[in-house]
Amino acid sequence: MSTPIEQLIVSPISKLYKEHIGFIKAKNLDGLLNQYADDALLISTLTEDRQPIYVQGRQALKEFFEGRIFGLEDFEIRLNQWAETENTLMMVEELTTTSKTGEVGSVEFYDNWFLQNGKIAIHFAGVIQYPDKTYVNAETVKTEVPASPLGKLYKEHIGFIKAKNVDGLLNQYAEDVLLISTLTENRKPIYVRGRQALKEFFESRIFSLEDFEVKLHQWAETDNTLMIVENLKTRSVNGDVGEVSFYDNWVLRDRKIAVHFAGVIQYPDGSYA
């Protein structure tokens, strides 16, 4: 279900987003950069080799926007997911673009923001469908989990889920954690706040699985962020099998997951976000 930007509920976050799009369309670089923290981090997978690039700080952001986004003549946006809190924005957006030479293209992103003091501190900009119409979860080459602190944390995370070790899993999260998921019957977001609510979320949903297999299609990390796309083949306790693809973005604080964006890319019925 798509939502025109004009029909977004009026809120500080939707106002910031509308201004964001307006600054890009108007090529207002100062206005755009002012929405970001001085040390902002943007991670993008819209690259020729589909490997992530890391854009840190306003000067690097300036060069990124000038070299990429401001090269468009125009674009239109359709929103396919929207979830927000006072300091997060989680969405899927489909862009139809027109270049300065008149070429028309399209690309679909998951676009997730983490704000601090009203500024975008972390911006996850991951591709769902590339301009050549291929989907990220259609990649045939498996992405391996690296031997890094985040790789270790992720492997432990999957291990805790498979072992149904709720204490181990919860200990990976901050006490005041926020998890947003769009794997719901009506595809509307749910907001899980705090460890007790997270415990109930895991016990009622993930721990009901008998087993699952994970295949990674994207991996990007820094000291305090993880940005991945993963495909899960699941088997429930009653033998039902299914498949679903997620984008999973983590923001860590003191080595604990403080914000967890868990958005669906492809639903069990095969349809895309």
Side-chain angles (χ1 to χ4, degrees), residues 36-45 51-57 60-61 83-90 110-126 143-183 189-203 205-207 212 214-230 232 246-263:
Y36 288 85
D38 288 338
D39 60 349
L41 168 68
L42 182 149
I43 308 174
S44 171
T45 56
Q51 295 302 305
I53 58 171
Y54 302 84
V55 185
Q56 183 95 50
L61 279 171
E84 64 170 275
T85 68
E86 63 278 359
N87 67 340
T88 63
L89 176 58
M90 172 176 162
Y110 60 88
D111 222 6
N112 298 329
W113 298 354
F114 172 67
L115 280 69
Q116 289 181 314
N117 301 317
K119 303 286 188 180
I120 303 167
I122 299 171
H123 185 170
F124 301 100
T143 300
E144 299 295 339
V145 178
S148 64
L150 262 296
K152 180 175 182 289
L153 186 70
Y154 177 76
K155 284 182 178 178
E156 290 174 345
H157 187 81
I158 298 301
F160 289 143
I161 295 173
K162 287 194 171 224
K164 298 180 173 57
N165 183 342
V166 68
D167 289 335
L169 191 60
L170 292 177
N171 192 51
Q172 292 188 312
Y173 288 86
E175 295 282 354
D176 60 347
V177 59
L178 167 68
L179 182 149
I180 308 174
S181 171
T182 55
L183 186 58
I190 58 171
Y191 303 84
V192 184
R193 296 177 183 270
R195 284 188 177 176
Q196 180 57 40
L198 196 63
K199 179 176 184 288
E200 296 166 4
F201 174 84
F202 286 132
E203 288 178 337
R205 289 168 165 259
I206 299 174
F207 287 175
F212 62 92
V214 178
K215 182 178 180 181
L216 289 169
H217 296 283
Q218 278 180 1
W219 181 280
E221 65 169 279
T222 67
D223 289 343
N224 66 336
T225 63
L226 178 62
M227 173 176 163
I228 58 177
V229 168
E230 55 195 350
L232 272 67
F246 293 96
Y247 58 84
D248 243 356
N249 299 165
W250 297 353
V251 177
L252 278 72
R253 185 180 68 237
D254 299 326
R255 296 188 295 278
K256 302 286 187 181
I257 304 165
V259 178
H260 185 169
F261 299 102

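In terms of heavy-atom proximity, A121 sits nearest to Q116 at CB-OE1, 3.6 Å. Taking all atoms of both residues into account, the shortest heavy-atom contact from P189 to I180 is CB-CG2, 4.0 Å. I43 and A220 make their closest contact through CG2-CB, 3.8 Å (heavy atoms, listed as atom of the first residue, atom of the second, distance).
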Checklist entry - side-chain contact (heavy atoms from CB on, under 4.5 Å) between W250 and N224: does it pass, once the steps are laid out? => result CA-CA 8 Å; W250 297 353; N224 66 336; over 6 Å; no
Checklist entry - After noting the C-alpha distance and the side-chain angles of R195 and E175, does the key distance pass the salt bridge (Lys or Arg N to Asp or Glu O under 4.0 Å) rule? => result CA-CA 6 Å; R195 284 188 177 176; E175 295 282 354; 3.3 Å; yes
Item to check | Verdict with supporting geometry, E230 and Y154, side-chain hydrogen bond (donor to acceptor under 3.5 Å, both in side chains) | outcome: CA-CA 12 Å; E230 55 195 350; Y154 177 76; 2.5 Å; yes
Item to check | side-chain contact (heavy atoms from CB on, under 4.5 Å) between S181 and Y191, intermediate numbers included | outcome: CA-CA 7 Å; S181 171; Y191 303 84; over 6 Å; no
Item to check | side-chain contact (heavy atoms from CB on, under 4.5 Å) assessment of I228 paired with L216 | outcome: CA-CA 7 Å; I228 58 177; L216 289 169; 4.1 Å; yes
Item to check | Test side-chain contact (heavy atoms from CB on, under 4.5 Å) applied to L252 and T225, step by step | outcome: CA-CA 6 Å; L252 278 72; T225 63; over 6 Å; no
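Annotation: side chain of F212 is in contact with side chain of I161 (closest heavy-atom distance under 4.5 Å). Counting only heavy atoms from C-beta outward, the side chains of T88 and V259 approach each other to under 4.5 Å. The shortest side-chain heavy-atom distance between F246 and V229 does not fall under the 4.5 Å cut-off. Side-chain atoms of Y173 and L198, non-hydrogen and from C-beta on, do get closer than 4.5 Å to each other.
Here the OG1 atom belonging to T222 is positioned 6.5 Å from the CD1 atom belonging to I122, to the nearest 0.5 angstrom. Here the CG-NZ distance, from L169 to K164, works out to 12.0 Å after rounding to the nearest 0.5 Å. Separation of atoms CD1 (I190) and OG1 (T182) is listed at 9.0 Å; rounding is to 0.5 Å. Atom CZ of residue F114 and atom CG of residue N249 lie 13.0 Å apart, to the nearest 0.5 angstrom. Expressed to the nearest 0.5 Å, how far CG of L115 lies from OG1 of T85 amounts to 8.5 Å. To the nearest 0.5 Å, the span separating CZ on F202 from CG on L179 amounts to 6.0 Å.
Put simply, the side chain of K199 never gets that close to the backbone of L170: no donor and acceptor are under 3.5 Å apart. For Y247 (side chain) and F261 (main-chain N/O), no donor-acceptor pair under 3.5 Å exists by modelled atom type.
Under the rule for a side-chain hydrogen bond (donor to acceptor under 3.5 Å, both in side chains), the partners of Q172 that lie at least two apart in sequence or sit in another chain are H157. Residues meeting the ring pair (Phe, Tyr, Trp, His ring centres under 6.0 Å) test with F124, sequence neighbours left out: none. Here D38 pairs with R58 under the side-chain hydrogen bond (donor to acceptor under 3.5 Å, both in side chains) rule; sequence neighbours left out. Partners of P146 according to the side-chain contact (heavy atoms from CB on, under 4.5 Å) rule, which considers only residues two or more places apart in sequence or in another chain, are S148, W219, E221. For E200, the side-chain hydrogen bond (donor to acceptor under 3.5 Å, both in side chains) test picks out Q196, with sequence neighbours left out.
Other residues, nucleotides and ligands contribute more than 12 heavy atoms inside 6.0 Å of the NZ atom of K162.
A donor atom on one side chain and an acceptor atom on the other are not found under 3.5 Å apart for H123 and N112.
Within the structure, every pair that satisfies the salt bridge (Lys or Arg N to Asp or Glu O under 4.0 Å) test and touches residues 246-257, not counting sequence neighbours, is listed here: D176-R253.
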